[in-house]
Amino acid sequence: MTMRIADAFTQLLTGPLPLRVTAYDGSAAGPEDAPFGLEVKNERGLAYLMTAPGDLGLGRAYVAGDLAVTGVHPGDPYEGLKALQKGLKFRMPKPAEAVKLATGLGLSHLKPPPPPPQEHLPRWRRYAEGLRHSRTRDSEAIHHHYDVSNTFYEHVLGPSMTYTCAVFPTEDASLEQAQYYKYDLIAQKLDLKPGMRLLDVGCGWGGMVRHAAEHYGVKALGVTLSRAQATWAQEKIKEQGLDDLAEVRHSDYREVTETGFDAVSSIGLTEHIGVKNYRSYFSFLRDRLRPQGRLLNHCITRPHNRHQETGAFIDRYVFPDGELTGSGRIITEVQNTGLEVMHEENFRVHYARTLAGWCHNLEQNWDACVAEVGEGTARVWGLYMAGSRLGFERNEIQLHHVLATRTDRDGEAAYPLRPSFATDASYPGA
C-alpha cells in the first residue's frame with residue numbers, strides 16, 4: 001500500500017507538527033500558516049532521508065538541493081533550524097513499523113544515491129590515507145576544510161580574515177572590533193612586548209602573527225597546513241610592510257625546529273589534533289618555549305570530559321577527523337606536560353555571536369559566494385554555521401582559553417600577582 005510522504009513523516013513524531021511539511025507527491029502536513037517548513041523536492045531527496053536517517057541524510061538532501069527549509073535564507077537558516085530543533089521530536093519505529101513505512105514509501109528508495117560532491121570519505125575509508133592524525137591524513141583533512149577559496153572566506157569572514165571565535169568587549173561591538181579585541185586579549189595574556197618571539201601554530205591567514213608584529217613589535221612565526229592560507233598571509237604581511245617581523249609558513253607544526261620562543265599561541269588547532277595526541281602536542285609546544293614563557297590555547301570544547309563522537313554531517317562535510325573534549329581534559333594534559341596553568345576562561349556565548357556575524361556575511365554575499373564555490377558548498381557553510389550557533393547557545397559546545405607558563409625549576413613563572421589583561425586589551429573605537 002502506497003504511503004504519502006508527509007503522512008510517514010508525522011507518524012514518527014512524538015508530538016504535534018510545529019511546521020509545514022510538503023513533498024513532491026503532493027502531500028502536506030502541519031499548520032498552513034507556519035513560518036517555517038520542510039519541503040522534500042524529489043525522489044532522490046527521499047532516498048537520502050531513507051538510506052541515512054539522522055543528520056547525515058538530512059544534510060545530504062539539503063546540500064544537494066533536494067530538501068529545502070522554507071522561510072529562511074540558505075546563507076543563514078538559523079531561525080528555521082531553531083524551530084526544527086525545538087519542535088521536532090522523533091521516535092524510533094518498531095521493526096515491523098519500519099518495514100511498513102519502507103514498503104509504503106517504495107523499496108526503490110532504499111538504494112543509496114551517490115552523495116553530493118562536497119562529502120568527504122567516511123572515516124573507515126579515510127584509513128587508506130594514513131592513520132588518523134598522521135601528517136598525511138591531517139594535511140588532507142585541513143585541505144578539505146580550509147582550501148575552499150580565499151575569496152569565499154573574504155566574503156564570509158570579513159576584513160579580519162579570522163576564522164576563530166571573536167571576543168566581544170561590549171554588546172554593540174562589531175564583528176571586526178571583536179576579532180581585533182580577541183587578538184589583543186591574547187597578546188595581553190601572553191604579555192607580549194617589543195623584541196619578543198611568538199610562535200602561532202595553526203595560524204590561519206596570519207591574523208595573530210600580523211597583530212603581534214604590528215601592535216607589539218614582536219617577531220612572529222606562524223605555521224599552517226593550508227597552502228592557500230599561507231600564500232594569502234604572506235602577501236598580506238608584505239602589503240602591511242611587516243616582512244622584517246612576521247612570517248607564515250606552509251608547514252605542519254611538528255616541523256618547527258626553532259626553540260626559545262617567549263610565547264606560543266594555538267588558536268583553533270587543538271580541535272584537529274586528536275584527544276589521544278594531546279600529551280605529545282602540549283609537550284611539543286612546551287619544548288618550543290623558553291623557561292617562564294607562556295602558552296595560550298584557544299579551543300572549541302565539549303561541556304563535559306566524556307568521549308563523544310562528532311556527528312556524521314560535521315565529520316563528512318566540515319571537519320574530517322575533528323575531535324572535541326572538555327576543558328578539564330585539556331587542562332589535565334597541559335599540566336601533565338609540566339606546564340603551570342594560570343588562567344582559564346569560557347567564551348561560549350561569544351562564539352554564538354561570531355557565527356551569527358559569519359552567517360550574516362554569507363547571506364549578504366550569497367550570490368558572490370555561490371559564484372565562487374557553487375551552491376552546494378555555500379549551503380554546507382550556511383547549515384554548519386547556523387547549526388553550530390545553536391550548539392553554542394544551548395551549551396552543547398564551548399570555547400575555552402587556557403593560559404599556562406613554563407615555570408622554571410625554581411618555581412619562577414614571571415606571572416604577576418594579579419593579571420591586568422582583562423582590562424588592558426583594546427579594540428578600534430574603544
Side-chain angles (χ1 to χ4, degrees), residues 1-116 118-119 311-313 317 359 363 366 370 375-376 378-387 389-390:
M1 179 178 177
T2 302
M3 179 175 292
R4 291 164 66 82
I5 295 170
D7 294 336
F9 191 89
T10 57
Q11 280 190 30
L12 296 176
L13 291 174
T14 60
L17 187 60
L19 46 82
R20 187 71 170 169
V21 173
T22 58
Y24 65 90
D25 64 354
S27 62
E32 292 186 14
D33 60 349
F36 308 110
L38 285 177
E39 179 187 2
V40 182
K41 302 177 77 170
N42 52 44
E43 292 198 24
R44 186 176 65 179
L46 178 60
Y48 278 137
L49 298 178
M50 290 180 65
T51 55
D55 68 325
L56 183 58
L58 287 166
R60 284 172 171 168
Y62 181 79
V63 170
D66 303 328
L67 176 71
V69 180
T70 59
V72 294
H73 191 283
D76 188 5
Y78 167 78
E79 294 293 345
L81 295 183
K82 187 176 180 180
L84 290 171
Q85 192 175 61
K86 184 176 181 180
L88 287 182
K89 306 296 180 185
F90 289 101
R91 62 178 178 83
M92 286 293 293
K94 296 179 180 179
E97 185 182 12
V99 171
K100 184 177 179 181
L101 285 168
T103 303
L105 291 171
L107 294 176
S108 62
H109 297 119
L110 292 178
K111 180 181 180 181
Q118 293 79 14
E119 184 170 320
F313 176 78
Y317 284 85
C359 279
E363 180 178 350
W366 181 255
V370 169
E375 185 169 354
R379 281 174 168 268
V380 168
W381 280 80
L383 181 61
Y384 137 65
M385 292 193 300
R389 177 185 172 185
L390 277 172

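Below, each value reflects all heavy atoms present in this structure, side chains not excepted, and no hydrogens, waters or symmetry copies.
Checked by atom type and distance alone, the side chain of Thr51 pairs as donor or acceptor with a backbone atom of Ala47 at under 3.5 Å. Side-chain atoms of Tyr48 do not come within 3.5 Å of backbone N or O of Pro53 as any donor-acceptor pair. Put simply, the side chain of Thr10 gets close to the backbone of Asp7: a donor and an acceptor are under 3.5 Å apart. Between the side chain of Asp55 and the main chain of Phe313, a donor-acceptor pair closer than 3.5 Å is present.
Leu81 places none of its side-chain heavy atoms less than 4.5 Å from the side chain of Phe36. Residues Thr22 and Val40 have side chains not in contact (no heavy-atom distance under 4.5 Å, counting atoms from C-beta outward). By the 4.5 Å heavy-atom criterion applied to side chains, Tyr78 and Met385 are not counted as neighbours. Looking only at side-chain heavy atoms (C-beta outward), Arg379 and Gln118 stay at 4.5 Å or farther from each other. Using a 4.5 Å cut-off on side-chain heavy atoms (C-beta onward), Leu84 and Leu38 make contact.
Of all non-hydrogen atoms in Val69 and Gly80, the two that sit nearest each other are CG1-CA, 4.4 Å. Looking at every heavy atom in both residues, Asp76 comes nearest to Val72 through O-CB, 4.3 Å. Smallest separation of non-hydrogen atoms from Ser27 and Ala6: OG-N, 3.1 Å. Across all their heavy atoms, Ala34 and Arg20 have their closest contact at CB-N, 3.7 Å. The two residues Val63 and Pro116 make their nearest non-hydrogen contact at CG1-CB, 4.1 Å. Scanning both residues, Asp25 and Arg4, for their nearest heavy atoms gives OD2-CA, 3.6 Å.
With rounding to the nearest 0.5 angstrom, the CE atom of Met50 is 7.0 Å from the NE2 atom of His109. In this structure, NZ on Lys82 lies 7.5 Å from CG on Leu390, to the nearest 0.5 angstrom. One finds the CG atom of Leu105 at 12.0 Å from the NZ atom of Lys100 (value rounded to the nearest 0.5 Å). To the nearest 0.5 Å, atoms CG (Leu67) and CZ (Arg60) are separated by 14.0 Å. Taking OG1 of Thr70 as the reference point, atom CG of Leu19 lies at 8.0 Å (rounded to 0.5 Å). Here the CG-NZ distance, from Leu46 to Lys41, works out to 15.0 Å after rounding to the nearest 0.5 Å.
Remark: Phe9 engages Phe90 in a ring-ring contact (aromatic ring centres under 6.0 Å, His included) (not counting sequence neighbours). In this view, Tyr62 satisfies the ring-ring contact (aromatic ring centres under 6.0 Å, His included) rule with no residue, not counting sequence neighbours.
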